[in-house]
Amino acid sequence: IKIAGYQNVTIDGGNFVGDVDTHAAGASETGHCLYISGASTSNITIKNAKFSKGWGDGIYVRDADVVRIQNCADFDNRRNNISITGTISGLWIEDCEIYDGGQTSGTNPKAGIDLEPNATEAAHKIFVQGNHIYNNVGAGVSVTEKAASAELDHVIIDGNHFHDNGQGIKLNSCDNLSITGNRIDDSIYSTTGSSSHDKIENLVISGNVVDGIDIEQGGDTGDGLNNITISGNYLTYIVFKGHSGQEITGAVISGNKIK
């Protein structure tokens, strides 16, 4: 299904199955169960539906405003279960089951949810809330700006349950991100410094039950780690470190309990 250039569209129910089991081998990553795109596309609601076996993604959203994905099952899609890219203002993923991403003939990043604007694109006001995210080969949620001119900010990941993913939440480059109130049986993992645009700024990780938190400046390029708060979590370990020649500024680690 393709929704492009339309406003005020609702899909309520349905079982949308792709062709990953029979698709001829090839490098293509397209072939999405649901494709939502277009600068004039807005006020789209997807609810009570199932999306599986896409050769690309279960749901692909690009250049659309005010999109709601609610109470859906998104599973066993080849690349990602849900991909968010392009210029976005206002997107909600709520109360969904998101699992088995990349398990069948998978191609990277094999995430449950991939938030990844490209060069010159800006994605703002993204809310991932109340979901069950599990058994994805890659991260449950992957967060990255693809280029220096990309913007990804005001992202809230709250009240979700993560388990049996490659990583629970993987961070590469972002600004103004809150990870709060989740149960994460996997880790929160981040490494920056391999690309000149890498940065993590204004990050809050608070009130989670999480296996571990590993925030690292892994190389000597990029803008580093700035204004990071890790507080009030119940966890097994914390790793927080910089890299030679790179600064960590505005870091607060407080009130965490070690299991």
Side-chain angles (χ1 to χ4, degrees), residues 1-4 11-37 44 46-62 64 67-86 91-118 126 128-144 146 157 160-172 182-189 211:
I1 291 182
K2 181 177 181 179
I3 301 172
I11 295 176
D12 188 351
N15 185 14
F16 304 92
V17 182
D19 66 347
V20 73
D21 290 330
T22 58
H23 197 287
S28 171
E29 298 178 0
T30 58
H32 313 305
C33 294
L34 175 61
Y35 179 96
I36 301 171
S37 182
I44 309 298
I46 312 299
K47 60 184 181 179
N48 306 318
K50 297 179 180 180
F51 302 90
S52 64
K53 300 287 186 178
W55 181 250
D57 305 324
I59 300 175
Y60 178 92
V61 182
R62 180 185 185 90
V67 177
R68 294 177 173 87
I69 302 169
Q70 300 170 323
N71 196 37
C72 290
D74 208 321
F75 57 97
D76 199 18
N77 295 286
R78 177 172 172 261
R79 186 176 69 167
N80 299 306
N81 283 322
I82 300 175
S83 287
I84 307 300
T85 188
L91 184 138
W92 290 259
I93 302 172
E94 300 173 312
D95 302 318
C96 294
E97 293 269 338
I98 302 167
Y99 59 97
D100 287 352
Q103 293 287 359
T104 302
S105 303
T107 188
N108 288 330
K110 307 175 190 175
I113 301 170
D114 183 33
L115 309 178
E116 190 175 357
N118 296 297
I126 296 175
V128 178
Q129 299 172 312
N131 303 285
H132 188 191
I133 303 172
Y134 59 97
N135 207 39
N136 298 285
V137 175
V141 176
S142 179
V143 181
T144 188
K146 193 72 171 177
I157 301 173
N160 306 280
H161 183 196
F162 297 82
H163 62 88
D164 298 303
N165 301 286
Q167 299 92 23
I169 300 173
K170 182 179 180 181
L171 311 176
N172 185 276
N182 301 281
R183 176 180 167 184
I184 307 171
D185 298 336
D186 312 305
S187 65
I188 299 172
Y189 174 77
D211 181 52

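Index from 1, following the sequence.
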Undergrad: Given R79, which partner from the list D114, N108, T107 fulfils the side-chain contact (heavy atoms from CB on, under 4.5 Å) test?
TA: T107
Undergrad: Main chain of T85, side chain of N118: is a donor-acceptor contact present, judged purely on distance under 3.5 Å?
TA: no
Undergrad: Go through the steps to decide whether L34 and F16 satisfy the test side chain to side chain contact (heavy atoms under 4.5 Å, CB included), and finish with yes or no.
TA: CA-CA 8 Å; L34 175 61; F16 304 92; over 6 Å; no
Undergrad: Nearest 0.5 Å, please: how far is SG in C72 from NZ in K50?
TA: 11.0 Å
Undergrad: With rounding to the nearest 0.5 angstrom, report the CD1 to CD1 distance, I36 to I11.
TA: 6.5 Å
Undergrad: Do I93 and I59 come within less than 4.5 Å of each other through their side chains, counting heavy atoms only?
TA: no
Undergrad: Tell me if a side-chain donor or acceptor on D74 pairs with a main-chain N or O of I98 at a distance below 3.5 Å.
TA: no
Undergrad: Check whether N160 reaches the backbone of V128 with its side chain - one donor and one acceptor, N or O, closer than 3.5 Å.
TA: yes
Undergrad: Quick one: pull up CD1 in I157 and CG in L115 and give me the separation to the nearest 0.5 Å.
TA: 6.5 Å
Undergrad: Sequence neighbours left out, what pairs pass salt bridge (charged side-chain N to carboxylate O under 4.0 Å, His left out) with at least one residue falling in residues 128-140?
TA: none
Undergrad: Can you tell if the side chain of I44 reaches within under 4.5 Å of the side chain of V61, non-hydrogen atoms only?
TA: no
Undergrad: Looking at W92, is its backbone amide N or carbonyl O close enough to the side chain of R68 to form a donor-acceptor pair, meaning the two atoms are under 3.5 Å apart?
TA: no
Undergrad: Hey, mind stepping through T104 and R78 against side chain to side chain contact (heavy atoms under 4.5 Å, CB included) and telling me if it holds?
TA: CA-CA 6 Å; T104 302; R78 177 172 172 261; over 6 Å; no
Undergrad: For N81 and Y99, indicate whether the former's side chain and the latter's backbone hold a donor-acceptor pair under 3.5 Å.
TA: yes
Undergrad: State whether a side-chain donor-acceptor pair under 3.5 Å links N71 with D95.
TA: no
Undergrad: Could you grab the distance from atom OG of S37 to atom NZ of K2, nearest 0.5 Å is fine?
TA: 7.5 Å
Undergrad: When you compare the side chain of H132 with that of H163, does any pair of heavy atoms fall below 4.5 Å?
TA: yes
Undergrad: Listed by chain and number, what are the side chain to side chain donor-acceptor pair (under 3.5 Å) partners of H161, not counting sequence neighbours?
TA: R183, D185
Undergrad: Is there a donor in the side chain of N135 and an acceptor in the side chain of D164, or the other way round, less than 3.5 Å apart?
TA: no
Undergrad: Counting only heavy atoms from other residues, nucleotides and ligands, does the tally under 6.0 Å from NZ of K170 exceed 12?
TA: no
Undergrad: Could you measure the distance from the OG atom of S187 to the CG atom of N165? Nearest 0.5 Å is fine.
TA: 9.5 Å
Undergrad: Which atom names give the shortest non-hydrogen contact between G13 and A49, and what distance separates them?
TA: O-CB, 3.7 Å
Undergrad: Which pair of heavy atoms, one from S52 and one from C33, lies closest together, and at what distance?
TA: O-SG, 3.3 Å
Undergrad: So, applying side-chain contact (heavy atoms from CB on, under 4.5 Å) with F162, which one of N136, N131, D186 is it?
TA: D186
Undergrad: Nearest 0.5 Å, please: how far is CD in Q129 from CD in E94?
TA: 5.5 Å
Undergrad: What is the ring orientation for Y35 with Y60, classed by angle as parallel under 30°, tilted 30 to 60°, or perpendicular over 60°?
TA: parallel
Undergrad: Salt bridge (charged side-chain N to carboxylate O under 4.0 Å, His left out): which pairs involve residues 14-26, sequence neighbours left out?
TA: D21-K53
Undergrad: Has the side chain of H32 got a donor or acceptor atom that lies under 3.5 Å from a matching backbone atom of D57?
TA: yes
Undergrad: Would you say that N182 contacts I188 through its side chain, given a criterion of any heavy-atom pair below 4.5 Å between the two side chains?
TA: no
